There are 2 protein chains.
Amino acid sequence: MKVSKEQSSANRQAILETAARLYRERGIGGVGVAEITREAGFTHGGFYGHFDSKEALAAEACELAFAAPLARLNATLEKHEGDATPYITNYLRTQHRDKPGEGCPMPTLAIDAGREPGLVSDAVTQGISGYLKAFASHRPDGSVTEAPEAADKARAVVVLSALIGGMVLARATSSAAPALSDEILAILQEELSTFWKNG
Amino acid sequence: MKVSKEQSSANRQAILETAARLYRERGIGGVGVAEITREAGFTHGGFYGHFDSKEALAAEACELAFAAPLARLNATLEKHEGDATPYITNYLRTQHRDKPGEGCPMPTLAIDAGREPGLVSDAVTQGISGYLKAFASHRPDGSVTEAPEAADKARAVVVLSALIGGMVLARATSSAAPALSDEILAILQEELSTFWKNG
DNA sequence: TGTACATCAGTGAACGCGCGTTCACTGATGTAC
DNA sequence: TGTACATCAGTGAACGCGCGTTCACTGATGTAC
């Protein structure tokens, strides 16, 4: 049965949001088109009316998955006058570790992006650039720059790498060594905040 | 046709090594039992004479994938009297980025380990602990300790997180933004070496 | 505003394919005599 | 040392299943009059 144009584009959006969540939880290869459409409330037959292929969906879902977290980073930096430590502390919470579907897409999707070139790789690279730009354009002293210098870029790369790597390690160890997992997060909260302020 | 015991256990080892390589390249979910056995020179029918299941192979392959890199880390630390900077610089080479199958298992397998509890998760957690212990027991001044203090653990966690996260980022961006990918590695080589020495 | 009909969003069965796993079979290995 | 035979490592066909994708169909939407 047909459905109104508004309803149809809302349905498309529902599929996209479901995909963005499931892909972050289990990776792009780990979730099928049928499961995504079912979870969004539909059958899989109508999927190709909305998207050209699974890869096209994955690319759009990656963009969507980056949008909110990146906006949140910029908002947090704005609010705290360039101080990234609240963002760092928040990123490294156990709640973020335990709910990958609603968090930062990088610790899961960046690995998928690295496997082969394509739309997903492009979208993720775009997202990573956005994150780096956001960090690099804010200095610990609160000033904002449009043209980050080497030291600004360096600070951004170190902090972002450690956030992502730390989250990957915390998630990998959370079931077999929960105390270690918590410790990794706690140490990084402290160390990266210090690093952000003192270089 | 039957085969001698020595040959059979060599065949088992060949399957294991092939798996350790392919899993690092494309993730555990991205490679099938048939492809692994074929690449190792056999048909897939004999697989279950060597391993109970794909998961059992994956767990053993993870252990194997950690063994050589971890031994190399300890050897390098030994050789350079606790100075981790040669290891850091070597880890962050473009060659390592471009050949995941022969390198550190963490940037690929730690994500698989984080998805669900099980044998793989246990093996990877073991490997991560080994890496952290190796880093933490060596101090920048060249001394070695069996009981790392908070500062030693902190240094280990930051360096390992940034190594892994940096490699994930470098691999994700290498096809869509190769210059950025190279820059990430170069920055981290410099910054993490400095961090190791100066805290 | 009301009616007749073309459009097309979503359904559900079907496609070929590769997955992990099983199994009857083969024939070289290795043991018993 | 030589022969007869049980063992069992590896083969290749087959299993049920879920994958991405296609398609004839349905029936509400939205347009033409």
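Computed from a prediction, not measured in an experiment: that's the story for all the values here. Residue numbers begin at 1 in each chain, while the letters A, B, ... track the order of the sequences. Note that these values count all heavy atoms, side chains included, but never hydrogens, waters or copies made by symmetry.
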* **A:Asp141 atom CG, over 12 foreign heavy atoms within 6.0 Å** => yes
* Asked: Does CD belonging to A:Glu25 count more than 12 external heavy atoms closer than 6.0 Å?
  -> yes
* **Nucleic acid contacts of residues 15-37 of chain A, taken as heavy-atom distances under 4.0 Å to DNA chain C** => none
Pair [X]-[Y], side-chain donor/acceptor within less than 3.5 Å:
X	Y	value
A:Thr125	B:Thr173	no
B:Ser174	B:Arg97	no
A:Asn11	A:Gln7	yes

* Asked: In terms of the nearest nucleotide of DNA chain D, which residue is placed more toward the 5' end: B:Lys2 or B:His44?
  -> B:Lys2
* Run the salt bridge (Lys or Arg N to Asp or Glu O under 4.0 Å) check on A:Glu102 and A:Arg24 step by step: do they pass? -> CA-CA 8 Å; A:Glu102 299 161 23; A:Arg24 271 177 284 182; over 6 Å; no
* To do: Starting at the 5' end of DNA chain C, write a dot or bracket for each base, bracketing those in Watson-Crick or G-U wobble pairs whose two distances are under 3.5 Å and using | for partners on another strand.
  => .||||||||||||||||||||||||||||||||
* To do: Could you check A:Glu146 against A:Lys133 for salt bridge (Lys or Arg N to Asp or Glu O under 4.0 Å), going step by step and ending with a plain yes or no?
  => CA-CA 9 Å; A:Glu146 286 299 312; A:Lys133 232 165 251 162; over 6 Å; no
* Provide the start and end nucleotides, 5' to 3', of the part of DNA chain D that has atoms under 4.0 Å from heavy atoms of chain A. => D:dG20 to D:dG30
* Structure fact -> Assign each of A:His50 and B:Glu6 the nucleotide of DNA chain C bearing its closest heavy atom; nearer the 5' end lies the nucleotide of A:His50
* Answer with base, sugar-phosphate or nothing: what part of the nucleic acid does A:Tyr48 contact at a heavy-atom distance below 4.0 Å? => base
* side-chain contact (heavy atoms from CB on, under 4.5 Å) assessment of A:Ile111 paired with B:Val168 -> CA-CA 6 Å; A:Ile111 278 84; B:Val168 167; 3.6 Å; yes
* Please report the C-alpha distance between B:Glu149 and B:Arg139 in whole Å, then the side-chain angles of each, then the deciding distance to 0.1 Å, and finally whether the salt bridge (Lys or Arg N to Asp or Glu O under 4.0 Å) criterion is met. => CA-CA 10 Å; B:Glu149 292 169 23; B:Arg139 298 205 172 101; 3.7 Å; yes
* In terms of hydrophobic clusters joined by side-chain contacts under 4.5 Å, are A:Val3 and A:Phe51 together? -> no
